[in-house]
Amino acid sequence: MKTEGYNPKILVFSTDKISDPGIDQAGLRKLHYSPKVYVISLPCSSGVKPRWIMKAFEEGFDGVFIAADGHECSYSSKCAEYTNNIIVEAQQLMKERSINTKRIRMAAICSVCAEPFVNHMGTFSKILSELGSVKNEIESNS
């Protein structure tokens, strides 16, 4: 269901030591991305809970993006593996509730990755705008 001009609301889970500086640089350099992108900072991307992702959809976020630590994580050498498992579990919950799994994305965002972050938000916004509001999916399954 393509929705012309729809500006999706995106929740980003970011990490304070790895991806936050890159996201901050995007703002400091005045690189444009949607004002409907909201960032929550955590110590480690493997700390995100699948229920938080589902709660974001219930609260009207059209997409969830995890700015993952990858192999740079100072908390665990298996951070990338753990974060991937979180995505897999969240996608299963999404399927059970008939929420399109294209509404969740993950990418490693480093401390100097301002342009890649902006590019990810642009691409993700386009995908989500074509899907339309998550509320339509949730309401049609109630």
Side-chain angles (χ1 to χ4, degrees), residues 1-139 141:
M1 171 176 148
K2 187 169 175 139
T3 312
E4 293 295 325
Y6 183 70
N7 193 6
K9 191 173 167 185
I10 300 172
L11 179 62
V12 176
F13 287 106
S14 177
T15 60
D16 54 8
K17 299 213 181 348
I18 308 288
S19 54
D20 276 358
I23 294 169
D24 288 346
Q25 278 298 315
L28 290 170
R29 294 175 51 199
K30 298 184 182 357
L31 302 176
H32 178 72
Y33 60 93
S34 172
K36 292 188 120 185
V37 172
Y38 300 85
V39 179
I40 293 178
S41 184
L42 302 167
C44 175
S45 58
S46 69
V48 175
K49 306 293 184 229
R51 69 180 180 270
W52 297 350
I53 295 166
M54 298 310 296
K55 181 69 173 169
F57 293 128
E58 292 166 10
E59 293 297 321
F61 282 93
D62 298 301
V64 174
F65 184 89
I66 297 179
D69 285 346
H71 300 291
E72 295 180 15
C73 182
S74 58
Y75 293 97
S76 172
S77 61
K78 293 187 176 187
C79 180
E81 179 184 337
Y82 295 151
T83 305
N84 186 62
N85 291 341
I86 291 162
I87 296 290
V88 169
E89 187 177 336
Q91 286 176 327
Q92 184 58 41
L93 292 170
M94 292 167 71
K95 287 176 186 175
E96 290 170 8
R97 292 170 177 85
S98 299
I99 297 172
N100 193 317
T101 56
K102 290 181 181 179
R103 293 185 180 279
I104 188 168
R105 292 191 99 167
M106 175 182 73
I109 301 292
C110 68
S111 60
V112 295
C113 291
E115 290 93 353
F117 175 73
V118 171
N119 291 338
H120 280 297
M121 290 302 99
T123 302
F124 197 27
S125 289
K126 286 179 188 174
I127 291 166
L128 294 172
S129 66
E130 289 183 6
L131 293 174
S133 173
V134 73
K135 291 178 183 178
N136 296 335
E137 290 180 18
I138 291 173
E139 288 172 3
N141 297 312

Distance (rounded to the nearest 0.5 Å) between Arg105 CZ and Met121 CE
8.5 Å

Closer than 4.0 angstrom, basic N to acidic O: yes or no for Glu130 and Lys102?
no

List the atom of Thr15, the atom of Cys44, and the distance in Å for their closest heavy-atom pair.
CG2-C, 3.7 Å

Any chance you could measure Ile104, atom CD1, to Ile53, atom CD1, to the nearest 0.5 Å?
4.0 Å

Suppose we screen for ring pair (Phe, Tyr, Trp, His ring centres under 6.0 Å). Which residues come up paired with Phe124, at least two apart in sequence or across chains?
none

Sorted by chain and number, sequence neighbours left out, side-chain contact (heavy atoms from CB on, under 4.5 Å) with Ala114 holds for Gln25, Ala26, Arg29, Leu31

Where Ser125 and Pro8 come nearest, the two heavy atoms and their spacing:
O-CG, 3.5 Å

Sequence neighbours excluded, which residues qualify as side-chain contact (heavy atoms from CB on, under 4.5 Å) partners of Asn119?
none

Ring pair (Phe, Tyr, Trp, His ring centres under 6.0 Å) partners of Phe13, counting only residues at least two apart
none

Can you tell me which residue pairs pass the ring pair (Phe, Tyr, Trp, His ring centres under 6.0 Å) test with a partner in residues 95-121, sequence neighbours excluded?
Tyr33-Phe117, Phe65-His120

Separation between OG (Ser19) and CG (Asp24), nearest 0.5 Å, reads 9.5 Å

Closest heavy-atom pair and its distance - Met106, Ala68:
CG-CB, 3.8 Å

What residues form a side-chain contact (heavy atoms from CB on, under 4.5 Å) with Glu89, not counting sequence neighbours?
Pro50

Could you give the distance from CD1 (Ile66) to CD1 (Ile87), rounded to the nearest 0.5 Å?
3.5 Å

Please identify each residue that fulfils side-chain contact (heavy atoms from CB on, under 4.5 Å) with Lys49, with sequence neighbours left out.
Arg51, Trp52

Could you walk me through whether Ile99 and Ile138 satisfy the side-chain contact (heavy atoms from CB on, under 4.5 Å) test, starting with their C-alpha distance in whole Å, then the side-chain angles of each, then the deciding distance to 0.1 Å, before giving a yes or no?
CA-CA 7 Å; Ile99 297 172; Ile138 291 173; 4.1 Å; yes

Ignoring hydrogens and angles, write down the donor-acceptor pairs under 3.5 Å from the side chains of residues 34-43, residues two or more places apart or on other chains.
from: Ser34; atom 1: OG; to: Asn7; atom 2: OD1; distance (Å): 3.2
from: Ser34; atom 1: OG; to: Lys36; atom 2: N; distance (Å): 2.9
from: Lys36; atom 1: NZ; to: Asn7; atom 2: O; distance (Å): 3.4
from: Ser41; atom 1: OG; to: Asp20; atom 2: OD2; distance (Å): 2.5

Checking side-chain contact (heavy atoms from CB on, under 4.5 Å) for the pair Met94/Asn100: CA distance, chi angles, key distance, verdict?
CA-CA 7 Å; Met94 292 167 71; Asn100 193 317; over 6 Å; no

Are the side chains of His32 and Val118 in contact, using a 4.5 Å heavy-atom criterion?
no

Show the nearest heavy-atom pair for residues Cys113 and Ile109, with the distance to one decimal.
CB-CG2, 3.9 Å

Nearest-0.5 Å distance, OG of residue Ser111 to CD1 of residue Ile23:
11.5 Å

Can I get a per-line list of side-chain donor-acceptor pairs under 3.5 Å for residues 54-63, giving both atom names and the distance, sequence neighbours left out?
from: Lys55; atom 1: NZ; to: Glu59; atom 2: OE2; distance (Å): 3.0
from: Asp62; atom 1: OD1; to: Tyr6; atom 2: OH; distance (Å): 3.1
from: Asp62; atom 1: OD1; to: Val134; atom 2: N; distance (Å): 2.9
from: Asp62; atom 1: OD2; to: Tyr6; atom 2: OH; distance (Å): 2.7
from: Asp62; atom 1: OD2; to: Lys9; atom 2: N; distance (Å): 2.9

